[in-house]
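Following: one structure in structure tokens, then a few remarks.
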Amino acid sequence: MAREFQGPKGTRDFYPRDMALRRHIEAAWRHSSIVHGFEEIDGPTFEHLDLYTVKSGDGIVSELFSFRRAGGEDDYALRPEFTPTLARMVAAKAGGLPHPIKWFAIPSHFRAERPQRGRLREFLQWNVDLLGIDGAQAEIEVLSTAIVALERLGLSPSDVRVKLSHRGVVSAALRSLGVREDRMADAFTLLDRRDKLDAAAFSARAAEMGLGAGGLEAFARVARARFPAASAVQAMREATGCTDADAAPIAAVLDGLKAAGLDAWCDVDLGIVRGLAYYTGSVFEVHEASGGERAVAGGGRYDGLVEMFGGPRTPAVGLGMGDVVLALVLRDRGKLPADEGESLLPRPDAFFISAEGDSSDRMLPGLLASLRRGGLHVRQSYKSTRNVGKLLADAGKCRARKAVILGAELADGMVQVKDLDRNEQVVVALHDLAQHLRGE
RNA sequence: GCGGCCGUAGCUCAGUCGGUAGAGCGCCGGGUUGUGAUCCUGGAUGUCGCGGGUUCAAGUCCCGUCGGUCGCCCCA
């Protein structure tokens, strides 16, 4: 008895066009990673459950797909992020790895959340990690890698913005605004929630942190301010009263981005907090310019993480970029083909039409095999009709560049080759066919 | 975990007052004029998401459930 099956909630089926779009994105990620000197790694799709609770606490379990083998006693979880695996891998090899460590990965991840816009239960996330460098060079390289990938996908600084912040700089700025030291964590939480609270609620919460009227207003302004990279240090000083020394960690990153010619993509946004988890310095996010979507990417410096997983203290900067929001932004911005990926599918070099009869039928398999061994992408029809018009329609439907018609000219060792893009047709000798199809 | 909206052919949808299922496009096969077309012809489109209830009778009304979508919580 046939049953109807549905895919699990929040998962995707990748039909050929979908897969072509996915490979398009992955190719940009991989390319940018490689030209920046990162090497590709991967790890297991599931890990011991402990690996995630060590970093994120027991509360994380409800967000995970965790399981136990029937009859087993070990708890596992499908990986919800890659960083713990990476930290484990680094810790395991400890001193044996040449520094700096520059790795990237494009694994799938799983989270047991209710799906919504930009958020699914299974998704791809590109991870770029640079370990072993204390200075801003690490941030600059990781951000450059992200920006070059976005650029390769057709995006520009008017489409997406890289928003930079820094835990230490924000603390200093908040102190100079008058936030009490013991309320600093609350102030960070409030910054993180700036877009979820209305003005009144925001002010009420801010007032609890010891801010006077002037400081309150400045805090509200700073929480939402974006300072263009070129003038950010001065603007931060004016808006928050922090010193040049306070702003130095961000200034170092900005200087490097400017030297690399990437500052046009970047703003300083002190409202970027990224939870209270494990970031120890820089934090950054990439957003669609209008702010309408979830973050395209997020990351920062996490100097304590490898140590947490049993390795030596290792400075580290990492970035994660998910495919779901990125694809939405690319679509929003018109950077995906209008044909839903059709034009990203591989095009056959030639589509063969056996029009002559039995003798052309007999020679076709050998001809195709020979061309394929030579690296050409060639196809044939599976229809029984000899209707050349229909078979040419077939050729067009599979996006073939050329159609090769095996017709009466076979008697002279010739075939007709029709360029389907230009609608031009020539007669070519069989022994020149491979060369002709290669465009030589 | 909570809430809004949605669910009929592959797609877009129609389906009246409750009376056993429709159109267009697309798809597949065949034929004709040899050249992606036109024309002719044939075909599958489907447990109306699924399950229950009301009814003589449910795509239609009610309940539940699954899935999609958008939001809340959370967001590593």
Side-chain angles (χ1 to χ4, degrees), chain A residues 1-13 15 17 47 51-57 59-64 77-87 109-121 123 125 127 189 192-193 195-197 272-279 283 285 292-295 297-300 302 305 308 318-322 324-325 328 340 351 353-357 381-409 415-427:
Chain A
M1 190 58 185
R3 275 179 61 193
E4 211 170 287
F5 289 100
Q6 293 176 321
K9 181 194 297 189
T11 62
R12 292 171 287 180
D13 294 328
Y15 290 90
R17 292 174 186 190
E47 293 271 10
L51 190 74
Y52 303 117
T53 54
V54 159
K55 170 173 165 262
S56 307
I60 198 68
V61 175
S62 65
E63 307 291 327
L64 301 178
L78 297 180
R79 64 181 166 207
E81 59 168 326
F82 192 67
T83 307
T85 296
L86 176 113
H109 299 284
F110 308 85
R111 295 182 186 175
E113 299 175 297
R114 181 99 184 237
Q116 53 190 287
R117 185 172 177 84
R119 214 159 120 179
L120 298 173
R121 289 185 157 191
F123 55 96
Q125 192 181 80
N127 286 260
T189 303
D192 197 34
R193 295 190 55 79
D195 294 325
K196 308 244 171 178
L197 299 171
I272 298 294
V273 175
R274 297 201 58 71
L276 296 173
Y278 55 90
Y279 289 109
V283 287
E285 291 182 352
E293 302 282 359
R294 294 169 185 281
Y302 52 94
L305 195 71
M308 186 187 290
L319 169 131
M321 185 182 296
V324 182
V325 177
L328 288 172
E340 300 296 319
F351 186 94
I353 294 172
S354 173
E356 191 273 337
S381 178
Y382 298 97
K383 294 187 199 302
S384 57
T385 180
R386 299 250 182 235
N387 183 328
V388 175
K390 285 196 176 180
L391 294 172
L392 280 170
D394 250 14
K397 249 177 276 182
C398 73
R399 309 165 306 281
R401 298 178 194 281
K402 290 174 176 149
V404 176
I405 303 167
L406 309 181
E409 308 79 6
V415 295
Q416 300 188 59
V417 180
K418 178 166 186 172
D419 186 314
L420 293 167
D421 293 332
R422 298 180 186 169
N423 203 22
E424 293 166 358
Q425 192 161 323
V426 293
V427 178

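Just so it is clear: chains get the letters A, B, ... in the order the sequence lines come, proteins before strands, and each one is counted from 1. Since the model is a prediction, treat every value here as computed from it, not as a measurement.
Side-chain atoms of A:K418 come within donor-acceptor range of the base of B:G36, with a qualifying N/O pair under 3.5 Å. Checked by distance alone, A:R274 brings no side-chain donor or acceptor within 3.5 Å of a matching partner on the base of B:A76.
Under the 30°/60° scheme for interplanar angles, the aromatic rings of A:H109 and A:F123 are found to be tilted.
Look at the P atom in both B:U45 and B:G7: the space between them is 24 Å, to the nearest Å. Separation of the C1' atoms belonging to B:A44 and B:G10 is 11 Å when rounded to the nearest angstrom. Taking the P atoms as reference points, B:U35 lies 45 Å from B:A21, given to the whole Å. If you take atom C1' in B:C27 and the same atom in B:G67, they sit 25 Å apart, rounded to whole Å. Look at the C1' atom in both B:A37 and B:U32: the space between them is 14 Å, to the nearest Å. For the C1' atom pair drawn from B:G22 and B:U60, the interatomic distance equals 15 Å after rounding to whole Å. The same atom, P, is picked in B:C75 and in B:C13; the two are 37 Å apart, to the nearest Å. If you take atom C1' in B:U20 and the same atom in B:G24, they sit 24 Å apart, rounded to whole Å.
Side-chain contact between A:L78 and A:L64 is absent, with no heavy-atom pair separated by less than 4.5 Å. Put simply, the side chain of A:F82 does not reach to within 4.5 Å of the side chain of A:Q125, judged on heavy atoms. Put simply, the side chain of A:K418 reaches to within 4.5 Å of the side chain of A:N423, judged on heavy atoms. Residues A:N127 and A:L86 form no side-chain contact, since every pair of their non-hydrogen atoms from C-beta on lies 4.5 Å or further apart. Using a 4.5 Å cut-off on side-chain heavy atoms (C-beta onward), A:D419 and A:V426 make no contact. In this structure the side chain of A:T85 reaches within 4.5 angstrom of the side chain of A:L51, judged on heavy atoms.
The residue A:I353 sits apart from the nucleic acid: no heavy atom pair falls under 4.0 Å. Among the atoms of the strands shown, none is found under 4.0 Å from any heavy atom of A:N127. Counting any heavy atom pair closer than 4.0 Å across all strands shown, A:I405 reaches a base atom.
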Next on the checklist: As a quick check of understanding, evaluate side-chain contact (heavy atoms from CB on, under 4.5 Å) for A:L420 and A:L392, giving each step before the final call.
Outcome noted: CA-CA 9 Å; A:L420 293 167; A:L392 280 170; 4.2 Å; yes
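In this entry the distance linking CG of A:L392 with P of B:U35 reads 9 Å, nearest Å. What separates CD of A:E285 from P of B:A76 is a distance of 8 Å, to the nearest Å. Rounded to whole Å, the distance from CG on A:L391 to C1' on B:G34 is 11 Å. Per the geometry, CG belonging to A:D394 stands 15 Å off P belonging to B:G26, to the nearest Å. Note: CD (A:E113) to C1' (B:A76) measures 10 Å, nearest angstrom. Rounded to a whole Å, the OH atom of A:Y15 is 10 Å from the P atom of B:C11. Counting to the nearest Å, the P atom of B:A76 and the CD atom of A:Q125 are 10 Å from each other. Taking atom CZ on A:R79 and atom P on B:C75, their separation rounds to 22 Å, with Å as the unit.
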RNA chain B in dot-bracket form (Watson-Crick or G-U pairs under 3.5 Å, [ ] crossing, | inter-strand) is (((((((..((((.....[..)))).(((((.......))))).....(((((..]....))))))))))))....
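When all heavy atoms are compared, the tightest approach of A:F351 to A:C398 is CD1-SG, 3.6 Å.
Of the charged side-chain nitrogens involved, none lies within less than 4.0 Å of a carboxylate oxygen, so that A:E81 and A:R111 do not count as a salt-bridged pair.
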For nucleotides 64-72 of chain B, 5' to 3', base contacts (B), sugar-phosphate-only contacts (S) and non-contacts (-) with protein non-hydrogen atoms under 4.0 Å give --SSSBSBB
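The 5' end of RNA chain B is approached more closely, in terms of each residue's nearest nucleotide, by A:A355 than by the other of A:L64 and A:A355. When each of A:K397 and A:A393 is assigned the nucleotide of RNA chain B bearing its nearest heavy atom, the one mapping closer to the 5' terminus is A:K397.
In this structure, A:R294 contributes its side chain and A:R117 its backbone to a donor-acceptor pair below 3.5 Å.
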